[in-house]
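Contents: one structure, followed by commentary.
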Amino acid sequence: MIRIIRFIDRISTFVGKTFAWLIVVLTLHVCWEVAARYILNQPSAWAFDLQMMYYGILFMMAGAYTLAKNGHVRGDILYGFLPPRVQGGLDLLLFIVFFFPGVIALVWAGWYYAGYSIAIREHSSLMANGPPIYPFKAFIPAAGAVLLLQGVAEVMRCILCLKQGAWPSREEDVEEVDVDKLKEMVHVKDEDIVKLDRYVKSGESQR
């Protein structure tokens, strides 16, 4: 079971990191549009729509990757104090009752909207001759399918936690800066920081 979990995690990670490059495309596009508007005096009518599509695709396709890294926001005021088996049982219940019905509905509706949009070659209605948006809508069911696959891996994690009494480990990835870990890396103690603060304050008082 752990091999299946790792395999699905790698798929979600690959998809998420691949589409994360859209942030570079979005940044370059914004910079170009600003230069074209204020320097060349030739703004693009499609700029706003395309930027929204870039961000929307990035946001949707990174959902499974975020779930694989347990990075979604969680109201864990009480959850963090629960034993692992209780956490696993609670997560399993929530996945079955809320996650899967919601994501399946997303895939189903997204498939319908994407198919209809492609059939009529839908374009943006915010302006005359707007950009095509049917390629963007095609990512809705795709993102839902990858998220659904990652949900299967998370259910397997819950089952393993219920059996073993501990959560299976996740593959390491980029995380936010942890102050305590940073102190360990540079071999700095709280006492050293206090001494440095005193030294700085004494220097300021002498001035």
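Quick note: numbers below take in every heavy atom, side chains included, and nothing from hydrogens, waters or symmetry partners.
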(request) Would you indicate whether the side-chain heavy atoms of Cys158 and Trp167 approach each other to under 4.5 Å? (result) yes
(message) Tell me the closest heavy-atom pair linking Met53 and Pro131, and the distance in Å.
(response) CE-CG, 4.2 Å
(request) For Leu82 and Gln87, work out which heavy atoms get closest and say how close. (result) O-NE2, 3.2 Å
(message) Do Val24 and Trp32 sit in one hydrophobic cluster, given that two such residues count as connected whenever their side-chain heavy atoms are within less than 4.5 Å of each other, even indirectly?
(response) no
(message) Quick check against the 3.5 Å criterion: does Thr66 have a side-chain atom that pairs as donor or acceptor with the backbone of Ala62?
(response) yes
(request) Using the test salt bridge (Lys or Arg N to Asp or Glu O under 4.0 Å), find all partners of Arg85 that sit at least two apart in sequence or belong to another chain. (result) none
(message) Can you confirm if the aromatic rings of Tyr65 and Phe19 lie within a centre distance of less than 6.0 Å?
(response) no
(message) Less than 4.5 Å apart, side chain to side chain, heavy atoms only: is that true for Arg157 and Asp9?
(response) yes
(request) Look only at the side chain of Arg170 and the backbone of Ala68, and say whether a donor-acceptor pair between them is shorter than 3.5 Å. (result) yes
(request) Could you check whether the rings of Phe95 and Phe100 sit parallel, tilted or perpendicular, using 30° and 60° as the cut-offs? (result) tilted
(message) Tell me whether Met156 at atom CE has more than 12 heavy atoms from other residues, nucleotides or ligands lying less than 6.0 Å away.
(response) yes
(request) Find the distance between OG (Ser169) and CD1 (Ile2) and round it off to the nearest 0.5 Å. (result) 6.0 Å
(request) Nearest 0.5 Å please: distance from the CZ atom of Phe99 over to the CG atom of Asp91. (result) 11.5 Å
(request) Check whether Val107 and Tyr116 end up in the same hydrophobic cluster, where Ile, Leu, Val, Met, Phe, Trp and Tyr are linked by side-chain heavy atoms less than 4.5 Å apart. (result) no
(message) If hydrophobic clusters are built from ILVMFWY residues whose side chains come within less than 4.5 Å, do Met60 and Trp108 share one?
(response) no
(message) Any heavy-atom pair between the side chains of Phe81 and Val86 that's under 4.5 Å?
(response) no
(request) Find out whether Glu154 and Leu92 are in side-chain contact, i.e. whether some heavy atom of one side chain is under 4.5 Å from a heavy atom of the other. (result) no
(request) Locate the shortest heavy-atom distance separating Ile140 from Gly110; write the atom from each residue and the value. (result) CG2-CA, 3.6 Å
(request) Answer whether the closest heavy-atom distance between the side chains of Leu149 and Ser12 falls below 4.5 Å. (result) no
(request) Kindly determine whether Thr27 and Tyr54 satisfy side chain to side chain contact (heavy atoms under 4.5 Å, CB included), including the steps that lead there. (result) CA-CA 10 Å; Thr27 302; Tyr54 293 151; over 6 Å; no
(request) Determine whether Val152 and Leu148 make a side-chain contact, defined as any pair of heavy atoms from C-beta on separated by less than 4.5 Å. (result) no
(request) Determine whether Tyr112 and Phe139 fall in the same hydrophobic cluster, where Ile, Leu, Val, Met, Phe, Trp and Tyr are linked whenever their side-chain heavy atoms lie under 4.5 Å apart. (result) no
(request) Could you state whether Ile159 and Leu67 fall into the same hydrophobic cluster, counting links through intermediate Ile, Leu, Val, Met, Phe, Trp or Tyr residues with side-chain heavy atoms under 4.5 angstrom apart? (result) yes
(request) Report yes if some heavy atom in the side chain of Lys69 is under 4.5 Å from a heavy atom in the side chain of Thr13; otherwise report no. (result) yes
(request) Flag yes if more than 12 heavy atoms outside Leu78 fall under 6.0 Å of its CG atom; otherwise flag no. (result) no
(message) Tell me every residue that passes salt bridge (Lys or Arg N to Asp or Glu O under 4.0 Å) with Lys137, counting only those two or more places apart in sequence or in another chain.
(response) Glu122
(message) Restricting to non-hydrogen atoms, name the atom on Pro101 and the atom on Ile96 that form the minimum distance, rounded to 0.1 Å.
(response) CD-O, 3.3 Å
(message) Show the nearest heavy-atom pair for residues Ser124 and Asp49, with the distance to one decimal.
(response) OG-OD2, 2.9 Å
(message) Within the 4.5 Å heavy-atom criterion, are Arg121 and Pro132 side-chain neighbours or not?
(response) no
(message) Using the rule given for side chain to side chain contact (heavy atoms under 4.5 Å, CB included), can you reason through Leu58 versus Leu26, listing the C-alpha separation, both sets of side-chain angles and the distance that settles it, and then say yes or no?
(response) CA-CA 10 Å; Leu58 169 63; Leu26 176 59; 5.9 Å; no
(request) For Phe14, look at atom CZ and say whether over 12 heavy atoms of other residues, nucleotides or ligands are found less than 6.0 Å away. (result) no
(message) Nearest 0.5 angstrom please: Lys17 NZ to Met61 CE, how far?
(response) 15.5 Å
(message) Let me confirm one number: the CG-CG distance from Leu106 to Leu147, rounded to the nearest 0.5 Å.
(response) 7.5 Å
(message) If I compare all heavy atoms of Cys161 with all of Pro84, which pair ends up nearest, and what's the gap?
(response) SG-O, 3.0 Å
